[in-house]
Every structure is written in C-alpha cells, then in structure tokens.
Undergrad: 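Handing you a structure now.
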Amino acid sequence: MNSVDSTPVPASLVIAVDGTSGSGKSSASRGVADRLGLRYLDTGAMFRAMTWWLLREGVDVRDAAAVAALAGRPRIDSGTDPLAPTITVDGTDVSVEIRSDAVNAAVSPVSAVPEVRTRLLELQREAIGDGGIVVEGRDIGSVVWPQAELKVYLSADPAARARRRTAEQGGTDVASTEQSLLERDRIDSGRATAPLVMADGAVHVDSTHLTLEQVIDRLVELAHGAGARSGV
Ligand code: DC
C-alpha cells in the first residue's frame with residue numbers, strides 16, 4: 001500500500017466503471033472497492049441473473065415481447081461485499097450458473113429489452129443508495145448514475161480480453177472466446193436503449209498492457225483526485 005491509499009475517500013463516493021466484456025472491469029472494480037473500503041455492485045451479474053431465470057422458465061430470449069412481459073417477475077438480490085459478492089434469484093444463489101455458455105449467448109439480447117433495463121435500473125439505483133460504492137457495467141456513467149464523482153471507461157484489445165477471459169474460465173479455446181466477446185460487444189454497443197458508450201466526463205483507461213495491480217493503482221489514484229475535487 002502506498003501513501004495515497006491511506007487517505008480516506010468521501011463516504012458517499014460513487015465510482016462508475018464501464019467497458020467492454022473482458023476488459024478487466026470486475027477484477028479492477030472489486031480491487032478498488034476493497035482498497036478504498038467501498039461496496040461493489042456488478043450490474044452485469046443482474047442482467048445475467050435475469051437471463052438465467054428466463055432460460056429456466058423456457059422463454060425464447062429472442063422474443064422481446066415475451067421477455068418484456070416477464071421482466072418484473074424474478075426477485076434479484078445483489079450482495080455488495082467486494083470480497084464476496086453474491087447474486088440470488090428468488091433466494092437461490094446463481095453465482096455459478098450465470099457464467100454458463102448458455103447465459104453468455106443469451107444475455108446481450110435480453111439486455112437490449114427496455115423493460116428489463118427499467119426493472120434493473122430501479123434495483124441498481126436502490127443498491128447505490130447513499131453511495132460509497134464502485135459500480136460496474138455498460139451504462140453506469142451514462143444512464144444509471146451520471147452524477148458519479150468518478151467515471152472510468154475501461155478497454156483492452158480484443159485478443160488480450162479473450163486471453164484473460166479464457167484463463168479465468170479455465171478454458172483453452174481463445175479464438176471462440178474472442179468471437180463470443182466480439183458478438184456481445186456488437187450487440188451491447190448497437191442497441192437502442194442505453195448502449196455501451198464512453199460517458200461524458202469519463203476517464204479512458206486502456207488495460208491492454210497493464211497488470212491488474214496497475215489498473216487498480218490508477219483507479220485508486222483517480223478516486224482520490226475525484227474525492228478531493230467533489231468535497232463531499
Ligand atoms: O459485464 P458482463 O459481461 O457480466 O455483462 C453481461 C451482459 O450484461 C453484457 O453483455 C451486457 C449486459 N449489461 C448491460 O447491458 N448493462 C450493464 N450495465 C451491465 C451489463
């Protein structure tokens with residue numbers, strides 16, 4: 001830990017971390033929240049939980065009207081401890097299930113349905129509450145919490161993202177992981193409602209040639225700057 005780490009940040013600080021699939025958002029956001037004593041919210045896990053529930057119910061996820069009609073049904077709860085985040089649907093822990101290939105393939109079309117986004121936006125704002133949290137996703141700085149004191153847009157080259165994601169999943173097929181990531185990026189960036197964009201005022205951090213620790217150091221440094229400027 002360096003000296004800047006020990007300076008407290010404002011208790012109400014909100015850090016929005018957006019970026020493409022596999023850019024390292026989750027690990028970096030959890031690391032920053034842990035170092036700064038903040039909570040952590042993984043909004044992607046919420047979209048994944050909704051998708052897991054729809055698949056289990058046998059809903060055709062390409063049928064936007066069917067998805068919209070059911071979006072209010074599952075109860076989705078997120079635990080915000082950065083060292084042990086949790087996600088449950090109607091009380092069942094689905095943290096493993098939401099990382100399956102079936103959910104990977106279905107989550108982008110589900111996330112493009114406006115009724116799904118409205119429902120989850122409500123839960124996300126509730127979870128942010130009085131702040132003191134690092135929130136990661138695609139539209140946090142642009143839609144969910146545009147007033148965040150610090151907004152970060154994290155990116156990395158597709159090949160680097162695919163290598164990291166494959167290693168995380170203990171797989172070996174980097175090429176097919178890259179295809180799956182690029183397909184999700186295409187849908188997430190092209191949708192009409194809350195597409196992935198770099199929010200106004202966001203700081204762009206390219207993690208291609210950085211280690212996780214270096215990304216965390218950079219975000220912690222930015223958080224101290226934002227906290228000092230906000231004066232909250
Ligand atoms: O971050 P992730 O890969 O777990 O996100 C899964 C999907 O959820 C992603 O492909 C798009 C969607 N998503 C979204 O649309 N908006 C967010 N704020 C977070 C995720």
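These numbers come from a predicted model, not from an experiment. Every number for a ligand or one of its atoms is a count from 1 in the order of the listing.
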Undergrad: Please classify the Q124 to ligand 1 contact at 4.0 Å (heavy-atom distances, strictly less than): side chain, backbone, both or neither.
TA: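 It is neither; nothing of Q124 touches ligand 1.
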
Undergrad: Please state which part of R138 comes within less than 4.0 Å of ligand 1, counting heavy atoms only: side chain, backbone, both or neither.
TA: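 Looking at R138 and ligand 1, atoms from backbone and side chain both fall under 4.0 Å.
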
Undergrad: Provide the number and element of each atom of ligand 1 under 4.0 Å from a heavy atom of S111.
TA: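 The list of qualifying atoms is 8 (O), 11 (C), 12 (C), 15 (O).
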
Undergrad: Can you figure out which of T51, V107, D139 has its heavy atom closest to atom 7 (C) of ligand 1?
TA: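 Comparing heavy atoms across T51, V107, D139, the nearest one to atom 7 (C) of ligand 1 lies in V107.
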
Undergrad: Quick one: do the S23 and S155 side chains pair a donor with an acceptor below 3.5 Å?
TA: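 No - no donor-acceptor pair under 3.5 Å links their side chains.
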
Undergrad: Just going by heavy-atom distances, which of R48, R117, K25 is nearest to atom 16 (N) of ligand 1?
TA: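 Nearest option to atom 16 (N) of ligand 1, by heavy atoms: R117.
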
Undergrad: Considering heavy atoms of the protein only, find what lies nearest to atom 3 (O) of ligand 1 and give residue, atom and distance to 0.1 Å.
TA: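 Ranked first by proximity to atom 3 (O) of ligand 1 is R184 NH1, 3.0 Å.
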
Undergrad: Could you check E213 against R218 for salt bridge (Lys or Arg N to Asp or Glu O under 4.0 Å), going step by step and ending with a plain yes or no?
TA: CA-CA 9 Å; E213 279 311 299; R218 174 84 181 112; over 6 Å; no

Undergrad: Taking only residues two or more places apart in sequence or in another chain, which ones pass ring pair (Phe, Tyr, Trp, His ring centres under 6.0 Å) with H204?
TA: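 H204: ring pair (Phe, Tyr, Trp, His ring centres under 6.0 Å) contacts with Y153.
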
Undergrad: Indicate yes or no: does an N/O atom of E136 lie under 3.5 Å from an N/O atom of ligand 1?
TA: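 So ligand 1 has no N or O lying under 3.5 Å from an N or O of E136.
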
Undergrad: Tell me the protein heavy atom at minimum distance from atom 20 (C) of ligand 1, and give that distance in Å.
TA: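 Checking every protein heavy atom, the shortest distance to atom 20 (C) of ligand 1 gives G44 CA, 3.5 Å.
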
Undergrad: With the threshold set at 4.0 Å, does a side-chain nitrogen-carboxylate oxygen contact exist between D42 and R48?
TA: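 The answer is no: the pair does not qualify as a salt bridge.
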
Undergrad: Of all the atoms in ligand 1, which lie at a distance below 4.0 Å from a heavy atom belonging to S108?
TA: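 Selected atoms, number and element: 10 (O).
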
Undergrad: Would S21 and R138 count as having a side-chain donor-acceptor pair, cut-off 3.5 Å?
TA: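 Indeed, the side chains of S21 and R138 share at least one donor-acceptor pair under 3.5 Å.
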
Undergrad: For the hydrophobic clusters of this structure (ILVMFWY residues joined by side-chain heavy atoms under 4.5 Å, transitively), does one cluster hold both L196 and V107?
TA: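 Per the 4.5 Å side-chain linkage, L196 and V107 are not co-clustered.
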
Undergrad: Considering only heavy atoms of R191, which atoms of ligand 1 have at least one such atom less than 4.0 Å away?
TA: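 Those of ligand 1 that fall under 4.0 Å from R191 are 14 (C), 15 (O), 16 (N).
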
Undergrad: Only distances under 3.5 Å count here; give the side-chain donor-acceptor pairs of residues 52-71 to other protein atoms, sequence neighbours excluded, each with its distance to 0.1 Å.
TA:
{"residue": "D60", "atom": "OD1", "partner": "R62", "partner atom": "N", "Å": "3.0"}
{"residue": "D63", "atom": "OD1", "partner": "A65", "partner atom": "N", "Å": "3.3"}
{"residue": "D63", "atom": "OD1", "partner": "A66", "partner atom": "N", "Å": "3.2"}

Undergrad: Take atom CZ of R73 as the centre, draw a 6.0 Å sphere, and report whether it contains more than 12 heavy atoms from other residues, nucleotides or ligands.
TA: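 Check fails, neighbour count at 12 or below.
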
Undergrad: What residue and heavy atom of the protein are closest to atom 10 (O) of ligand 1, and at what distance?
TA: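 Of the protein heavy atoms, D188 OD2, 2.8 Å lies nearest.
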
Undergrad: Does any N or O atom in D42 lie less than 3.5 angstrom from one in ligand 1, N or O only?
TA: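 No; the residue has no nitrogen or oxygen that sits under 3.5 Å from a nitrogen or oxygen of the ligand.
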
Undergrad: Work out whether the distance between some heavy atom of M46 and some atom of ligand 1 is less than 4.0 Å.
TA: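 Checking ligand 1 against M46, which is what was asked, there is no heavy-atom contact under 4.0 Å.
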
Undergrad: If we count only N and O atoms by modelled type, under 3.5 Å, do the side chains of D93 and T88 hold a donor and an acceptor together?
TA: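 Note: D93 and T88 side chains miss the donor-acceptor criterion.
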
Undergrad: Suppose we measure from atom 19 (C) of ligand 1 to each protein heavy atom; which comes out shortest, and what is that distance?
TA: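 Nearest protein contact, heavy atoms only, for atom 19 (C) of ligand 1 is T43 OG1, 3.3 Å.
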
